[in-house]
> 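Dropping a structure here in structure tokens format, bear with me for questions.
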Protein chains: 2
Amino acid sequence: MRKNKYHAIYKEWTDKIKTGEIKAGEALPSENELAESYNTSRETIRKALNLLSQNGFIQKIKGKGSIVIDVQKMSFPISGLVSFKEISKNFTAEPITTVHDFGLIKPDPFIKQQLNASSKDEIWKVIRSRAIGGENIILDKDFFLKKFVPTLSKQICEGSIYEYLEKELQLNISFAKKEIVVEDCTEEDRGYLDLEGFSHIVVVKNYVYLDNASLFQYTESRHRLDKFRFVDFARRGV
Amino acid sequence: MRKNKYHAIYKEWTDKIKTGEIKAGEALPSENELAESYNTSRETIRKALNLLSQNGFIQKIKGKGSIVIDVQKMSFPISGLVSFKEISKNFTAEPITTVHDFGLIKPDPFIKQQLNASSKDEIWKVIRSRAIGGENIILDKDFFLKKFVPTLSKQICEGSIYEYLEKELQLNISFAKKEIVVEDCTEEDRGYLDLEGFSHIVVVKNYVYLDNASLFQYTESRHRLDKFRFVDFARRGV
DNA sequence: CAGTGGTCTAGACCACATT
DNA sequence: ATGTGGTCTAGACCACTGT
């Protein structure tokens, strides 16, 4: 995909780790050896290794080397910015998306605040439920600023909106701020989901930004308690 | 603290952003200007700016510059590896820790598996509740491998175990894998917490590793539903 | 002691945005 | 054309680990 040298090296070693060609506890070749074998400089190797380290594949130990971290302890981190399509790969059952509401709206006070929108902005509102194994367990409420997403259709919403945004509209999603809380179920939740008597629901609020740092989407992903799972890898210190 | 040049520069600019000396949307000086003014090389400046970018302070835009991200949208990310003491800074009320159980145990099958421990390993078990505003809302269950933590006392557990581990024992906590799920309340939860009728509880499971990549702690932090909040900053892509 | 990763330098060329 | 960030190089010195 990208033509970065260090990214290619990163990819090559993530593959070796994922496939088990290198196992947890084993060491990678030293930075000097890698620099030699890839015919590149050590700093470039280090960029690749830092990526591996940040993403939880290896631990670098001064004076010793870079050793592979056990990646089995949890199914692999799917944290960060992931769309429903990516998440659902981890399920065996076939997920089904249903679009319940789709259209252009004027911002109500809540959305206006979430998206830093003005009263003149128009906003795409999309309400979708996600069924896995025959049960509707996730309710996704998406709001996009029309000035960044000029066109959208119900059909696109039945597939992957993100694929459309990135491939068709060439939008570069760059980062997101995420908040996870538990709320009381609403009438809307009860209407669209199979709640099985649960009175609360896990809400993941996402503020999504483009690469020019403008906020363009606010999303609430509402998960039935018993089906919610979030995994994360974190390095300590600044 | 550390004497890294790039880390010092990083710290200097996080301060300027946090205090509002530079506001969201404004640009930092260019990399060349910064290199000049700090009398250092551009690569060193870039290491500092990459830290700012990874931690959600700035967005770097090719051809334009590094602009400050709005950091108000959510109270500042306290994600990743944080101890209870750090979390509680964000509360106004004074938190109170109570140690309910403290001692050395032989691993039961569950803990054995969580810590990859052998039957001969000894394990410190610590059960603590956290009260904020007079209500016990968090139950922390900590398990440490004794081979990494030779001595521990009830008194230490009443304060910050992490401070003890890092300052006294000189252990370098390096990274953690985290999992967030919702479970049914247990009798233990009901015994130590003020649950107010909630039947479920948010469980944060933490697998904590030292800088030599050895797993030394497993922790379950059990939060009352209405008091749980997790925030995160994530950049997209590999 | 030799080998490892951690930091830093002073250059170079590129892709992109602005004027 | 100029200035910006993104990548890459070929060195250097340091702190740490092993023998």
> Under 4.0 Å between a side-chain N or O of T40(A) and OP1 or OP2 of dT9(D)?
yes
> Report the distance from atom CD of E43(A) to atom C1' of dG11(D), rounded to the nearest whole Å.
11 Å
> For dT7(D) and Y6(A) - does any side-chain N or O of the residue sit under 4.0 Å from the phosphate oxygens OP1/OP2?
yes
> Report the distance from atom CD1 of I67(B) to atom P of dT18(C), rounded to the nearest whole Å.
12 Å
> Rounding to an integer number of Å, can you tell me how far N4(A) CG sits from dG5(D) C1'?
13 Å
> Should the pair E31(B)-K60(B) be classified as a salt bridge under the 4.0 Å nitrogen-to-oxygen rule?
yes
> Grab the CZ-P distance between R235(A) and dG6(C) for me, whole Å please.
10 Å
> For L49(A), report the nucleic acid contact type (base, sugar-phosphate, nothing); a contact means any heavy atom under 4.0 Å.
nothing
> Can you name the nearest heavy-atom pair linking G159(A) to R128(A), along with the distance?
O-NH1, 3.7 Å
> Send over the distance from E31(A) CD to dA2(C) C1', rounded to a whole Å.
16 Å
> Taking only N and O in the side chain of K64(B), is any of them less than 4.0 Å away from OP1 or OP2 of dT18(C)?
yes
> On the nucleotide dT4(D), are OP1 or OP2 found under 4.0 Å from the side-chain N or O atoms that S30(B) carries?
yes
> Want to settle it: does G63(B) or G63(A) sit nearer the 5' end of DNA chain C, counting the closest nucleotide to each?
G63(A)
> Which one, dT7(D), dA10(C), dT7(C), comes nearest to the side chain of K47(B)?
dT7(C)
> If only side-chain N and O atoms of R42(B) are considered, is one of them under 4.0 Å from the OP1 or OP2 phosphate oxygen of dA10(C)?
no
> Taking 4.0 Å as the cut-off, does a side-chain nitrogen or oxygen of T44(B) come that near to OP1 or OP2 on dT9(C)?
yes
> Respond yes when some side-chain nitrogen or oxygen of K5(A) is under 4.0 Å from OP1 or OP2 of dT9(D), and no when none is.
yes
> Nearest whole angstrom, please: distance from the P of dT7(C) to the NE2 of H7(B).
10 Å
> Y209(A) pairs by ring-ring contact (aromatic ring centres under 6.0 Å, His included) with which of F148(A), F175(A), F216(A)?
F175(A)
> Step through the shown structure and confirm whether more than 12 heavy atoms of other residues, nucleotides or ligands are within 6.0 Å of NZ on K106(A).
yes
> For K60(B) and dT4(D), give me the distance from atom NZ to atom P, rounded to whole Å.
13 Å
> Are D121(B) and K147(B) close enough, and set up right, to give a salt bridge (Lys or Arg N to Asp or Glu O under 4.0 Å), and what steps lead you there?
CA-CA 8 Å; D121(B) 278 316; K147(B) 61 184 167 192; 3.6 Å; yes
> Taking NZ from K62(A) and P from dG6(C), how many angstroms apart are they, rounded to a whole number?
7 Å
